[in-house]
Amino acid sequence: MANNKPADLTDEQWNKYLEHKASWEKMLKERFENELKSNTPEPPWLKFPDYHPTDMFWRMGKGEDYLVDYFGLYFKYASKSDLNAYKLKYPEHKDWQGTYQSYEN
């Protein structure tokens, strides 16, 4: 639904949606700049070492929140060089292979 207005929405509804989306992106970017850029989140296997990547912990509640609000947000906005340094500092755990790649896309 990139910038193609669905047929069942009015122009006013569509414009409100686009404004909300832009405001939300701005808030996320500011959060990255003000918090996560200088205080990088630990990878999930270090932050919560007692949970296997297939555990429901990562699908709801605290684990999901961490993946979305910290780890994923960092990967969304960090520069390529910062991501490369992060991956060198925190090599993927064997159980978490492919995690970095999935968050970079």
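Hydrogens, waters and symmetry mates are skipped; everything else that's a heavy atom, side chains included, is used.
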Only pairs under 3.5 Å count here: list side-chain donor-acceptor contacts from residues 41-53, not counting sequence neighbours, and write none if there are none.
residue: H52; atom: ND1; partner: T54; partner atom: N; Å: 3.2
residue: H52; atom: ND1; partner: T54; partner atom: OG1; Å: 2.9

Would you mind writing out the side-chain donor-acceptor pairs for residues 91-98 within the sub-3.5 Å range, not counting sequence neighbours?
residue: E92; atom: OE1; partner: G98; partner atom: N; Å: 3.2
residue: E92; atom: OE2; partner: G98; partner atom: N; Å: 3.3
residue: E92; atom: OE2; partner: T99; partner atom: N; Å: 2.8
residue: E92; atom: OE2; partner: Y100; partner atom: N; Å: 2.7
residue: H93; atom: ND1; partner: D95; partner atom: N; Å: 2.9
residue: Q97; atom: NE2; partner: E92; partner atom: O; Å: 3.4
residue: Q97; atom: NE2; partner: H93; partner atom: O; Å: 3.3

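L18 and L9 fall within the same hydrophobic cluster, where Ile, Leu, Val, Met, Phe, Trp and Tyr residues are linked whenever their side-chain heavy atoms come under 4.5 Å apart, directly or through other members.
In this structure, the side chains of D65 and Y70 stay at 4.5 Å or more apart for every pair of heavy atoms.
Partners of M27 according to the side-chain contact (heavy atoms from CB on, under 4.5 Å) rule, which considers only residues two or more places apart in sequence or in another chain, are W24. When the salt bridge (charged side-chain N to carboxylate O under 4.0 Å, His left out) test is applied to D11, the partners found at least two apart in sequence or on another chain are K5. For E30, the salt bridge (charged side-chain N to carboxylate O under 4.0 Å, His left out) criterion is met by K26, not counting sequence neighbours. N84 pairs by the side-chain contact (heavy atoms from CB on, under 4.5 Å) definition with K87, not counting sequence neighbours. T10 pairs by the side-chain contact (heavy atoms from CB on, under 4.5 Å) definition with E12, Q13, not counting sequence neighbours. Under the side chain to side chain donor-acceptor pair (under 3.5 Å) criterion, D69 pairs with no residue, sequence neighbours left out. Legend: residues meeting side-chain contact (heavy atoms from CB on, under 4.5 Å) with S23, ordered by chain and number and at least two apart, are absent. Remark: K37 engages E33 in a side chain to side chain donor-acceptor pair (under 3.5 Å) (not counting sequence neighbours).
Taking all atoms of both residues into account, the shortest heavy-atom contact from L73 to F32 is O-CD1, 4.2 Å. Residues Y74 and L83 approach most closely at CE2-CD2, 4.0 Å, considering heavy atoms.
No more than 12 heavy atoms of other residues, nucleotides or ligands shown are found within 6.0 angstrom of NZ on K62.
Within the model, atoms CG of D82 and OH of Y77 stand 15.5 Å from one another, a figure rounded to the nearest 0.5 Å. Annotation: the span from D8 atom CG to W14 atom CH2 amounts to 10.5 Å, rounded to 0.5 Å. In this structure, the separation between NZ on K76 and CD on E104 is 15.0 Å, given to the nearest 0.5 Å.
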Go through F75 and Y86 one step at a time and tell me if the ring-ring contact (aromatic ring centres under 6.0 Å, His included) criterion holds. CA-CA 10 Å; F75 266 71; Y86 185 93; 5.6 Å; yes

